[in-house]
Amino acid sequence: MRKPLIAGNWKMHKTINEAVELVSALKRELFDFNQADIVVCPPFTALDNVHEIIMDTNIKLGAQNLFYQKQGAFTGEVSPAMIKDCGCEYAIIGHSERRKYFGETDTMVNKRIQVALEEGFTPIFCVGETLEERENNKTIEVIDIQLKGGLENMKEEDILKIVIAYEPVWAIGTGKTATPRQAEEVHMFIRKWIEEHYSSSCASMLRILYGGSVKAENIKDLMKQENIDGALVGGASLNADAFVSIVKNSSN
Ligand code: 13P
């Protein structure tokens, strides 16, 4: 049985004070909730302050990215050691916004996952197709390429430490959620892919999250699907009541 995992990706939202206010509200409702693993991914600037508030709770901290070099002349980048210092245990890698706006390729994503694993993080590795790709019946092909590129040279023991998030680009921030069936189709493909490239026990342990306009109202139907093990939540994670409801609705 895979334990549900609900992660909030705050993207480029919340100053330190706003982040502290949001996470304090989450803590009041979720501090001892243990039917799902809960992760919040604030912007880098608020990591440290958020960590201080959640360190005695079940809520874990994640970064929205990390760079694949350990240190050096890489202006504007943040290293694995820096986010570890702030208390991060998870790191989102390969989000479609990173791919689209910042030119991150499958090769870069692969390097980031490798470094994240070396440094003991749980990578949340994102894959997903654009609307054009879906309309041209390219969804499975695109996911296959992203999985091959992102997971190149990974061993079974690495896969056991990774979480995969399927986020159809056309469902992100649009209010247009993939139907549970559409999502399940791709989740099933991902699990089969892992089974074929690794093993069935590895595939059965892998947690695959769905992301794209997840709300309190649609999480239950998504979670009913056999291969959906949780959610990566954007917009709705910025509101304490909405995120708390998503977490609570994910496990019953
Ligand atoms: P929304 O929930 O705002 O659609 O964002 C999804 C997402 O990109 C999470 O990483």
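What you are looking at is a predicted structure, and each value in this text was computed from that prediction instead of being measured. Start at 1 with the first residue, then count along the sequence. Counting convention: from 1, in listed order, for ligands and their atoms alike.
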Any atom of ligand 1 sitting under 4.0 Å from a heavy atom of [X]?
X: Lys11; answer: yes
X: Ala236; answer: no
X: Ala171; answer: yes

Should [X] be counted as touching ligand 1, given the test is an N or O pair under 3.5 Å?
X: Gly173; value: yes
X: Glu97; value: no
X: Thr174; value: no

Does the distance from a Lys or Arg side-chain N to an Asp or Glu carboxylate O, for [X] and [Y], drop under 4.0 Å?
X: Asp221; Y: Lys224; value: yes
X: Asp56; Y: Lys27; value: yes
X: Lys138; Y: Glu129; value: no
X: Asp229; Y: Lys3; value: no
X: Glu152; Y: Lys111; value: no

Practice task
Decide yes or no on salt bridge (Lys or Arg N to Asp or Glu O under 4.0 Å) for Glu156 and Lys161, but give the supporting numbers first.
Solution key: CA-CA 9 Å; Glu156 178 153 339; Lys161 295 178 197 143; over 6 Å; no
Using a 4.0 Å cutoff against the non-hydrogen atoms of [X], which atoms of ligand 1 qualify?
X: Ser213; result: 1 (P), 2 (O), 4 (O)
X: Gly212; result: 4 (O), 6 (C)
X: Asn9; result: 9 (C), 10 (O)

Completion exercise
CG (Leu206) and CH2 (Trp193) are apart, to the nearest 0.5 Å, by 11.0 Å
Exercise for the section: Please check if atom CD in Glu52 has more than 12 non-hydrogen atoms from other residues, nucleotides or ligands closer than 6.0 Å. Expected result: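 Open: at most 12 neighbouring heavy atoms sit under 6.0 Å from CD of Glu52.
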Quick one: look up the protein heavy atom nearest [atom] and list residue, atom name and how far away it is.
atom: atom 2 (O) of ligand 1; result: Gly234 N, 2.9 Å
atom: atom 7 (C) of ligand 1; result: Glu167 OE2, 3.2 Å
atom: atom 3 (O) of ligand 1; result: Gly235 N, 2.8 Å

Contacts table for residues 71-94: side-chain donor-acceptor under 3.5 angstrom, sequence neighbours left out:
| from | atom 1 | to | atom 2 | distance (Å) |
| --- | --- | --- | --- | --- |
| Ser79 | OG | Ala81 | N | 3.4 |
| Ser79 | OG | Met82 | N | 3.2 |
| Lys84 | NZ | Glu119 | O | 2.6 |

Fill in the blank from the handout: The answer for which part of Leu232 has a heavy atom under 4.0 Å from ligand 1 is both
